[in-house]
Amino acid sequence: MANSQTKGNRSFSFSFRVLTSAISIALCIFFTFSFLFTTHHYHHRHNNNIGSDGVARGFGSVTRSILALKTDPLKPRLDHIKKQAEDHRILALMYASYAKKLKLESSKVVRVFAELSRDFSYLMNKPRYTSLFGSDGVIDEAVLRQLEKEIKERIKTARQVIGEAKESFDNQLKIQKLKDTIFAVNEQLTKAKKQGAFSSLIAAKSIPKSLHCISMRLMEERIAHPEKYLDEGKPTSPELEDPKLYHYAIFSDNVVAASVVVNSATKNAKEPWKHVFHVVTDKMNLGAMQVMFKLKDYNGAHIEVKAVEDYTFLNSSYVPVLRQLESANLQKFYFENKLENATKDTTNMKFRNPKYLSILNHLRFYLPEMYPKLHRILFLDDDIVVQKDLTGLWKIDMDGKVNGAVETCFGSFHRYAQYMNFSHPLIKAKFNPKACAWAYGMNFFDLDAWRREKCTEEYHYWQNLNENRTLWKLGTLPPGLITFYSTTKPLEKSWHVLGLGYNPSISMEEINNAAVVHFNGNMKPWLDIAMNQFKPLWTKFVDFELEFVQSCNFGL
């Protein structure tokens with residue numbers, strides 16, 4: 001039993017060995033024939049690439065077996081080139097379509113994009129390159145390299161054209177460029193405005209040569225014939241203190257401007273002999289002013305010419321402004337301002353005008369003391385022209401108010417907040433920032449009500465508090481708004497039309513209906529920078545027939 005089992009095992013082992021040997025022999029025969037076939041095929045193909053001169057050709061186009069073609073490393077490269085060409089062809093078509101939609105004036109842009117798109121299609125369909133895209137074809141690397149080169153050249157051209165035309169198509173780019181342009185223009189405009197404002201102030205501060213000439217000629221006449229113009233020692237004319245007459249106050253150092261105010265008022269007055277003009281100037285211009293108002297009759301009107309120095313109570317111990325003008329800080333503010341900084345402080349530039357240093361600008365706060373026997377007086381600036389009889393102002397019921405003036409506010413403009421510092425607790429507590437401002441230049445004052453309300457004392461109180469200019473900047477309007485805050489009666493707007501020295505859009509209808517027109521602003525009518533459409537309103541009251549005016553070529 002055991003022997004038979006042993007024989008069976010031996011028989012199985014022998015059979016397994018025979019089977020293993022047969023498989024090994026079969027594998028050896030297969031690999032041998034496969035090697036021989038591959039070697040013969042390689043030599044056959046290799047010999048085909050040998051020229052008659054024995055030199056090998058086409059190293060860039062060595063062919064591979066069918067198995068190798070399925071994993072050709074040039075295939076992804078070819079696909080990438082094809083995709084790039086197709087993407088840029090479509091992009092060129094899109095830009096061409098968008099250009100048509102925008103209806104651009106230059107049809108050349110549309111043609112260029114259309115041609116770019118056709119060029120890509122033409123290149124990809126060249127017979128030389130179509131063989132590269134065959135599914136069973138063999139990729140020739142040299143041809144592929146040439147295709148890639150031509151595709152890249154066209155892509156470069158397409159991108160350049162798109163980059164140049166993008167500004168016309170890209171709204172965001174156009175918006176950004178427009179913003180940059182607007183910003184640059186605004187910068188230039190701001191700079192030009194500052195320079196213009198500075199130049200305008202220089203022109204406004206200047207004295208024309210002809211105007212200076214007139215003052216000098218009049219002063220020469222005063223020195224040559226003092227007996228004709230000397231009023232000292234003569235009794236005061238009773239009309240100058242008669243409260244029943246119509247009294248005017250004019251404070252000026254401009255002889256021609258002051259004469260125009262008086263000329264225009266007397267020529268339009270129904271009874272000029274009932275009108276009294278109190279002209280106050282500085283000591284330097286007193287002689288010229290005296291001569292000017294002695295040269296003609298002014299239709300019988302009464303004219304008093306005095307110097308501010310004649311009012312002895314106006315000294316630094318009584319007048320806060322005079323004391324402040326003597327301070328080192330205020331002198332530094334005016335006289336140590338460097339030229340290179342002049343155009344930077346455009347907000348406060350106008351307050352650096354030397355006219356604010358003159359006491360003539362502040363006399364309006366001392367009218368009751370200057371004219372103690374008068375009950376009412378009309379204050380007129382020297383840059384106004386009277387066009388109608390003004391006696392109607394003396395018939396207005398002032399309702400106990402001190403100041404009769406035309407209000408200038410409209411909307412949010414010309415409110416108290418624009419003239420005073422409402423961040424200061426004193427200003428904030430006392431005044432309403434939305435209160436309507438009014439105009440200086442033609443103001444009808446009830447001097448009795450002024451004395452009763454003690455307005456001069458009120459002015460002194462606030463002026464002393466503002467020594468460091470923390471409540472308001474320099475000027476007379478802010479302290480006037482404060483002094484007469486609750487004691488101003490609004491007048492009909494036709495009494496006083498403003499803006500002829502800065503606003504060219506004022507209608508002639510409004511001007512013709514006005515009793516008084518005011519050349520407030522830098523473009524004064526006696527300057528070359530005056531607005532031509534308004535200047536004749538002023539020049540028609542200049543005494544061009546006077547010898548002194550003619551000899552100085554004034555107005556030419």
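Predicted model only: the values in this text are computed from it and were never measured.
Geometrically, Lys306 engages Tyr311 in a cation-pi contact defined by less than 6.0 Å to the ring centre and at most 45° from the axis.
In terms of modelled atom types and a separation under 3.5 Å, the side chain of Asn512 and the main chain of Met508 share a donor-acceptor contact. In this structure, Asn263 contributes its side chain and Phe541 its backbone to a donor-acceptor pair below 3.5 Å. In this structure, the side chain of Ser264 engages the main chain of Val386 through a donor-acceptor pair within 3.5 Å. Side-chain N or O atoms of His414 include one that pairs as donor or acceptor with a backbone N or O of Thr408 at under 3.5 Å. Between the His302 side chain and the Trp273 main chain, a donor and an acceptor come within less than 3.5 Å of each other. The main-chain N or O of Phe544 is found under 3.5 Å from a side-chain atom of Gln550 such that the two form a donor-acceptor pair. No donor-acceptor distance shorter than 3.5 angstrom exists from the side chain of Asn299 to the backbone of Asp297, with no hydrogens or angles considered. The backbone N or O of Ile511 sits less than 3.5 Å from a side-chain atom of Gln387, completing a donor-acceptor pair.
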Are Leu500 and His518 close enough, and set up right, to give a side-chain contact (heavy atoms from CB on, under 4.5 Å), and what steps lead you there? CA-CA 6 Å; Leu500 277 70; His518 194 173; 6.0 Å; no

Show, in sequence, the C-alpha distance, side-chain angles and deciding distance for Val256 and Trp538, and conclude whether the side-chain contact (heavy atoms from CB on, under 4.5 Å) test is met. CA-CA 11 Å; Val256 177; Trp538 185 83; 3.7 Å; yes

Run the numbers on Lys489 and Asp399 for salt bridge (Lys or Arg N to Asp or Glu O under 4.0 Å), then give the verdict. CA-CA 8 Å; Lys489 178 181 177 66; Asp399 299 323; 2.8 Å; yes

CA sep, side-chain torsions, deciding dist, call: Tyr485, Thr483, side-chain contact (heavy atoms from CB on, under 4.5 Å): CA-CA 6 Å; Tyr485 175 57; Thr483 302; over 6 Å; no

Please determine whether salt bridge (Lys or Arg N to Asp or Glu O under 4.0 Å) holds for the pair Glu221 and Lys228, giving the CA-CA distance in whole Å, both sets of side-chain angles, and the decisive distance to 0.1 Å. CA-CA 10 Å; Glu221 169 68 13; Lys228 293 172 59 176; 3.7 Å; yes

Can you check side-chain hydrogen bond (donor to acceptor under 3.5 Å, both in side chains) on Thr456 and Trp450, steps first, answer last? CA-CA 8 Å; Thr456 301; Trp450 185 317; 2.9 Å; yes

Take Arg415 and Asn432, measure what side-chain hydrogen bond (donor to acceptor under 3.5 Å, both in side chains) needs, and give me the verdict at the end. CA-CA 9 Å; Arg415 303 283 178 175; Asn432 178 6; over 6 Å; no

Start with the C-alpha distance between Asn268 and Asp389, add both sets of side-chain angles, then the distance that settles side-chain contact (heavy atoms from CB on, under 4.5 Å), and finish with yes or no. CA-CA 5 Å; Asn268 288 286; Asp389 183 82; 5.6 Å; no

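Here CD1 of Ile377 is found 11.5 Å from CG of Asn443. Values are rounded to the nearest 0.5 Å. Rounded to the nearest 0.5 Å, atoms CD1 (Ile182) and CD (Glu187) are 13.0 Å apart. A distance of 7.0 Å separates CG of Leu314 from CG of Leu322, quoted to the nearest 0.5 Å. Note: Asp543 CG to Phe554 CZ = 11.0 Å, rounded to the nearest 0.5 Å. Once rounded to the nearest 0.5 Å, the distance linking NE2 of His212 with CD1 of Ile214 reads 11.5 Å. Rounding to the nearest 0.5 angstrom, the gap separating the CG atom in Leu491 from the CZ atom in Phe444 is 9.0 Å.
Considering only heavy atoms from C-beta on, Val402 stays 4.5 Å or farther from Arg452 through its side chain. Counting only heavy atoms from C-beta outward, the side chains of Thr476 and His362 approach each other to under 4.5 Å. Within the 4.5 Å cutoff, the side chain of Val276 has no heavy atoms near those of the Tyr246 side chain.
In terms of heavy-atom proximity, Val497 sits nearest to Ala514 at CG2-CB, 3.3 Å. Trp394 and His247 make their closest contact through CZ2-O, 3.3 Å (heavy atoms, listed as atom of the first residue, atom of the second, distance). Closest heavy-atom contact between His375 and Pro243: CD2-CB, 3.5 Å. Closest heavy-atom contact between Lys294 and Gln290: CG-O, 3.0 Å. Nearest heavy-atom pair across Ser259 and Tyr298 is CB-OH, 4.0 Å. Taking every heavy atom of both residues into account, Asp382 and Ser252 meet most closely at OD2-OG, 2.7 Å.
Enclosure of atom CD in Glu509 is not indicated, since only 12 or fewer non-hydrogen atoms of other residues, nucleotides or ligands lie within 6.0 angstrom. Annotation: Phe410, atom CZ; neighbour count of heavy atoms from other residues, nucleotides and ligands within 6.0 Å is above 12. Within 6.0 Å of the CD1 atom in Ile207, the count of heavy atoms belonging to other residues, nucleotides or ligands does not exceed 12. For Lys296, the NZ atom counts as densely surrounded, since its 6.0 Å shell holds more than 12 non-hydrogen atoms of other residues, nucleotides or ligands. The local environment of CZ in Phe313 is crowded, with over 12 non-hydrogen atoms from other residues, nucleotides or ligands closer than 6.0 Å. Within a 6.0 Å sphere centred on CD of Glu547, other residues, nucleotides and ligands contribute 12 heavy atoms or fewer.
Taking the charged nitrogens against the carboxylate oxygens, Lys524 and Asp383 do have a contact shorter than 4.0 Å, which makes a salt bridge. A salt bridge links Asp381 with Arg364: the closest approach of a Lys/Arg side-chain nitrogen to an acidic carboxylate oxygen falls below 4.0 angstrom. Ionic pairing of Lys373 and Glu241 is present here: one or more N-O contacts between side-chain nitrogen and carboxylate oxygen are shorter than 4.0 angstrom. Taking a cutoff of 4.0 Å between a charged side-chain nitrogen and a carboxylate oxygen, Glu239 and Lys274 do not qualify as a salt bridge. A salt bridge is absent between Lys401 and Asp446; no separation between the charged side-chain nitrogens and carboxylate oxygens falls under 4.0 Å.
For Arg451, the salt bridge (Lys or Arg N to Asp or Glu O under 4.0 Å) partners are Asp448, not counting sequence neighbours.
Across Gln463, Glu467, Arg469, a single residue satisfies side chain to side chain donor-acceptor pair (under 3.5 Å) together with Gln324, and that is Gln463. The only member of Leu471, Ile482, Val321 that meets side-chain contact (heavy atoms from CB on, under 4.5 Å) when paired with Asn466 is Leu471. If you run ring pair (Phe, Tyr, Trp, His ring centres under 6.0 Å) between Phe431 and each of Tyr419, Phe422, Trp472, Trp462, only Trp462 comes through.
In this model, a donor atom of one side chain and an acceptor atom of the other lie less than 3.5 Å apart for Asn315 and Ser317. Counted by atom type alone, His275 and Tyr248 present one or more donor-acceptor pairs between their side chains at under 3.5 Å. Between Ser505 and Asn503, the side chains place a donor N or O and an acceptor N or O closer than 3.5 Å (distance only, hydrogens not considered). Using modelled atom types and a 3.5 Å distance limit, the side chains of Tyr318 and Glu369 yield a donor-acceptor pair.
Aromatic ring orientation, Phe484 versus Phe365: parallel (interplanar angle below 30°, classes split at 30° and 60°). Tyr366 and Tyr459 have perpendicular rings, their planes meeting at more than 60° on a 0 to 90° scale where under 30° would count as parallel.
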